J.: 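Structure in structure tokens, see below.
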Amino acid sequence: KYYPPDFDPAKIPKLKLPKDRQYVVRLMAPFNMRCKTCGEYIYKGKKFNARKETVQNEVYLGLPIFRFYIKCTRCLAEITFKTDPENTDYTMEHGATRNFQAEKLLEEEEKRMQREREEEELNNPMKVLENRTKDSKLEMEVLENLQELKELNQRQANVDFEAMLKQYKEYEEEQKRREQE
């Protein structure tokens, strides 16, 4: 490129863009949802051309929160959801309802059980010992089951394929002889 000798980059005007500018992005639906207008089910992984904007005055630990606008595939009603970095998830805003998620409830239940166990162990040293013995018994059972499976596989793996093929060939030859007789 040619730059003239009197070129001054400071004289080039800066492009002023608004803070709440919307971009068009291609994304997949992050969860199963149902449109409130027409009742259409939108499954996780359905692709959309969405408008994306940064939510003003909302950040989580310095991370910006984004809002996405998509349209229902049947009635073209607008559906919005935004990112939730605190829970590593998305939150539904309006236009649709989020369908039931058993996995999420199961994870929350496991976390709650783990917290309860840790609180119990902090207050009661005998509970720590009991939990350790339970864990070791469970681990021993798992190891025993694994050993049984390995032995079962070993028994099945001791098949001699050469002998089987030889026996099958002998059987075929015997069949041929019988036919000839």
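Here, residue 1 is the first one in the sequence, and each next residue gets the next number. Everything quoted here is computed from the prediction, not taken from an experiment.
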J.: With sequence neighbours excluded, what pairs up with Tyr171 under the ring pair (Phe, Tyr, Trp, His ring centres under 6.0 Å) test?
T.: none
J.: Using the test ring pair (Phe, Tyr, Trp, His ring centres under 6.0 Å), find all partners of Tyr168 that sit at least two apart in sequence or belong to another chain.
T.: none
J.: Could you give all pairs that pass the salt bridge (charged side-chain N to carboxylate O under 4.0 Å, His left out) test and reach residues 22-50, with sequence neighbours left out?
T.: Glu40-Arg74
J.: For residues 135-146, please give each side-chain donor-acceptor pair under 3.5 Å, one per line with the distance, not counting sequence neighbours.
T.:
unit_1 : atom_1 : unit_2 : atom_2 : d
Asp135 : OD1    : Arg117 : NH2    : 3.4
Asp135 : OD2    : Arg117 : NH2    : 2.6
Ser136 : OG     : Arg132 : O      : 3.3
Ser136 : OG     : Thr133 : O      : 2.8
Asn145 : ND2    : Glu141 : O      : 3.4

J.: Considering residues at least two apart in sequence or located in another chain, which fulfil the side chain to side chain contact (heavy atoms under 4.5 Å, CB included) criterion with Glu93?
T.: Arg67, Thr80, Lys82
J.: What is the ring orientation for Tyr3 with Phe7, classed by angle as parallel under 30°, tilted 30 to 60°, or perpendicular over 60°?
T.: tilted
J.: Once salt bridge (Lys or Arg N to Asp or Glu O under 4.0 Å) is applied, do any residues pair with Glu86, and if so which ones, sequence neighbours excluded?
T.: none
J.: Starting from Leu76 and following side-chain heavy-atom contacts under 4.5 Å between hydrophobic residues (I, L, V, M, F, W, Y), which residues can be reached?
T.: none
J.: Could you identify which residues cluster with Val24, counting Ile, Leu, Val, Met, Phe, Trp and Tyr as linked when any side-chain heavy atoms lie under 4.5 Å apart, either directly or through a chain of such contacts?
T.: none
J.: Does Glu116 have any side-chain hydrogen bond (donor to acceptor under 3.5 Å, both in side chains) partners at least two apart in sequence or in another chain, and if so, which?
T.: Arg112
J.: Which other residues belong to the hydrophobic cluster containing Tyr2, where Ile, Leu, Val, Met, Phe, Trp and Tyr are joined when side-chain heavy atoms lie under 4.5 Å apart, directly or via other members?
T.: none
J.: List, by chain and then residue number, the residues other than Leu61 in its hydrophobic cluster (Ile/Leu/Val/Met/Phe/Trp/Tyr, side-chain heavy atoms under 4.5 Å); write none if there are no others.
T.: Tyr60
J.: Going by an N to O cut-off under 4.0 Å, is there a salt bridge joining Glu181 and Arg178?
T.: no
J.: Kindly write out the residues that satisfy ring pair (Phe, Tyr, Trp, His ring centres under 6.0 Å) with Tyr90, not counting sequence neighbours, or none if the list is empty.
T.: Phe81
